[in-house]
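In what follows, a structure is listed as structure tokens, so that the remarks can point back to it.
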Amino acid sequence: MPFEACDVDIFVLTYNRSTLLPATLRSLLAQSARGASITVLDNASQDDTQQTVEAFAPEGVTYARASSNLGWAGNLARAQQQARRPWTMVFHDDDLLHPDYLRHALDAINTLPGVGMVVSAMSFETAPGETDWPATEPRSLLCPGASTLAMLCYAGSPIHFGSALYRTDIFKTLRWESDRFGKIADRPFLLAACGTLACQVFLSPLVRYRIHDQQDSTSSDSGPFAPQLAALHHCYRSYLGENPLHSTGRCFLRHNYRCIADEFGRLGRADRARFPTLATYLTFLQKAGACSRFSLVSGKLMYRWQCLGRGLSGLFHGLARCSRRWRRQS
């Protein structure tokens with residue numbers, strides 16, 4: 001029997017987002033594949049979240065309030081405990097989902113062997129519209145295992161955590177490692193969920209990620225801190241390796257130094273005081289297993305080669321423009 005939308009549990013984890021939540025719920029209710037269970041897990045909000053959600057009760061949305069604020073990990077654990085259907089999604093309370101997302105995801109699950117998770121890329125928008133979604137079939141990629149998904153994530157593909165549709169038996173075994181990764185535990189969670197099973201990735205953005213002032217991700221005061229960043233690089237290194245003969249190893253070598261150099265400029269004040277120079281930060285990361293001398297040297301050489309290539313390309317384009325102007329004037 002093929003899986004249908006009635007085989008899907010969707011949990012929306014929320015805290016004090018009553019002004020943003022209605023648009024999210026409307027996008028979930030507008031799915032062309034109908035029948036999914038939608039439950040809002042309220043983490044003891046202090047605004048009018050309860051009244052906001054209860055207005056959607058006639059459309060089948062269930063409301064469940066925690067007695068106290070359990071944090072993200074605690075509220076996620078509630079979703080793991082309450083999931084009953086074969087497939088589970090944990091969606092963000094401030095983003096919008098393409099109306100055909102569930103249909104595309106179920107098609108992938110029913111036609112591709114061994115798929116244990118489906119995820120999508122996202123677009124970043126300050127005022128995402130609820131309509132005018134692309135009607136074309138999304139571009140997609142089948143990742144045969146976690147290492148291929150790790151390649152996409154480490155290379156910077158904007159994978160949306162909330163879009164993940166998990167096989168529920170796997171979802172219930174996962175642990176949100178906030179003690180190790182802090183607020184960047186989403187990528188390790190997805191990689192652990194993928195494991196040795198296949199993962200279908202929609203490269204076309206089927207989620208509109210809302211950028212707003214209430215996001216914790218916009219503040220460096222709550223991290224990620226240097227030990228958490230080191231743990232994340234170490235996680236990617238464990239999935240990708242450093243073998244230049246393998247595509248996964250080449251991905252790590254290509255991006256390791258550049259990712260570290262980029263994040264160094266975004267470190268919070270406490271970490272910048274602890275690591276005043278990039279060299280001191282690299283030494284710390286190397287001791288933490290986030291990189292090696294080989295990956296740093298390889299990455300630096302590749303980065304400089306890319307900069308040289310861009311510089312030469314810019315030079316040639318500039319000469320071509322000058323040549324065209326000179327020919328028009330003569």
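Keep in mind that this is a model prediction, so the values were computed, not measured.
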Salt bridge (Lys or Arg N to Asp or Glu O under 4.0 Å) against Glu177, all qualifying residues, sequence neighbours excluded |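 Checked Glu177 against salt bridge (Lys or Arg N to Asp or Glu O under 4.0 Å); matches are Arg175.
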Has the side chain of [X] got a donor or acceptor atom that lies under 3.5 Å from a matching backbone atom of [Y]?
{"X": "Thr88", "Y": "Thr168", "result": "no"}
{"X": "Asp93", "Y": "Arg17", "result": "no"}
{"X": "Lys183", "Y": "Pro224", "result": "no"}
{"X": "Glu59", "Y": "Leu25", "result": "no"}
{"X": "Asp9", "Y": "Ala83", "result": "no"}

Taking only residues two or more places apart in sequence, or in another chain, which ones meet [X] in a side-chain contact (heavy atoms from CB on, under 4.5 Å)?
{"X": "Arg250", "value": "Ser247, Arg254"}
{"X": "Ser32", "value": "Asp100, Arg103"}
{"X": "Pro99", "value": "Trp133"}

Minimum heavy-atom distance between [X] and [Y], given as atom pair plus value:
{"X": "Gly162", "Y": "Met89", "result": "O-CG, 3.4 Å"}
{"X": "Ala36", "Y": "Leu102", "result": "CB-CD1, 4.0 Å"}
{"X": "Ala105", "Y": "Leu165", "result": "CB-CD2, 3.9 Å"}
{"X": "Arg85", "Y": "Ala5", "result": "NH1-O, 4.2 Å"}
{"X": "Trp176", "Y": "Gly182", "result": "NE1-O, 4.3 Å"}

Atom pair [atom1] ([X]) and [atom2] ([Y]), whose distance is rounded to the nearest 0.5 Å:
{"X": "Tyr257", "Y": "Ser298", "atom1": "OH", "atom2": "OG", "result": "12.5 Å"}
{"X": "Phe11", "Y": "Leu41", "atom1": "CZ", "atom2": "CG", "result": "6.0 Å"}
{"X": "Phe252", "Y": "Phe294", "atom1": "CZ", "atom2": "CZ", "result": "11.0 Å"}

Does any pair with a residue in [range] pass side-chain hydrogen bond (donor to acceptor under 3.5 Å, both in side chains), and if so which ones, sequence neighbours excluded?
{"range": "residues 110-124", "answer": "Ser123-Glu125"}
{"range": "residues 145-161", "answer": "His92-His160, Asp95-His160, Tyr154-His233, Tyr154-Asn256"}
{"range": "residues 187-204", "answer": "Ser140-Gln200"}

Quick one: do Ser18 and Asp48 satisfy side chain to side chain donor-acceptor pair (under 3.5 Å)? Show the steps, please.
-> CA-CA 6 Å; Ser18 61; Asp48 58 350; 2.7 Å; yes
Which ILVMFWY residues are connected to Met1, directly or by a chain of links, through side-chain heavy atoms under 4.5 Å apart?
->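 Met1 shares its hydrophobic cluster with no other residue.
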Is a side-chain donor-acceptor pair under 3.5 Å present for Arg237 with His234?
->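 Their side chains do not contain a donor-acceptor pair, so the 3.5 Å distance test is not met.
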Side chains of [X] and [Y] in contact at under 4.5 Å (non-hydrogen atoms):
{"X": "Pro22", "Y": "Phe56", "result": "yes"}
{"X": "Leu197", "Y": "Met117", "result": "no"}
{"X": "Val119", "Y": "Phe202", "result": "no"}

Is the Tyr166 to Trp87 ring centre distance short of 6.0 Å?
->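 So the answer is no for these two rings.
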Salt bridge (charged side-chain N to carboxylate O under 4.0 Å, His left out): which pairs involve residues 26-38, sequence neighbours left out?
->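 Checked against salt bridge (charged side-chain N to carboxylate O under 4.0 Å, His left out) - neighbours excluded - the pairs reaching residues 26-38 are Arg26-Glu130.
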Just jot down the ring-ring contact (aromatic ring centres under 6.0 Å, His included) partners of Phe264, sequence neighbours excluded, or say none.
->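 Tyr281.
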Answer yes or no: is there an ion pair linking Asp94 with Arg210, defined by an N-O contact shorter than 4.0 Å?
->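 No, Asp94 and Arg210 are not salt-bridged.
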Which atom pairs, one a donor and one an acceptor, fall under 3.5 Å between side chains of residues 61-68 and the rest of the protein, sequence neighbours left out?
{"unit_1": "Tyr63", "atom_1": "OH", "unit_2": "Asp42", "atom_2": "OD2", "d": "2.5"}
{"unit_1": "Arg65", "atom_1": "NH1", "unit_2": "Asp42", "atom_2": "OD2", "d": "3.3"}
{"unit_1": "Arg65", "atom_1": "NH1", "unit_2": "Ser45", "atom_2": "O", "d": "3.0"}
{"unit_1": "Arg65", "atom_1": "NH2", "unit_2": "Ser45", "atom_2": "O", "d": "3.2"}

Less than 3.5 Å apart, which donor and acceptor atoms pair up between the side chains of residues 283-291 and the rest of the protein, not counting sequence neighbours?
{"unit_1": "Thr283", "atom_1": "OG1", "unit_2": "Ala279", "atom_2": "O", "d": "3.0"}

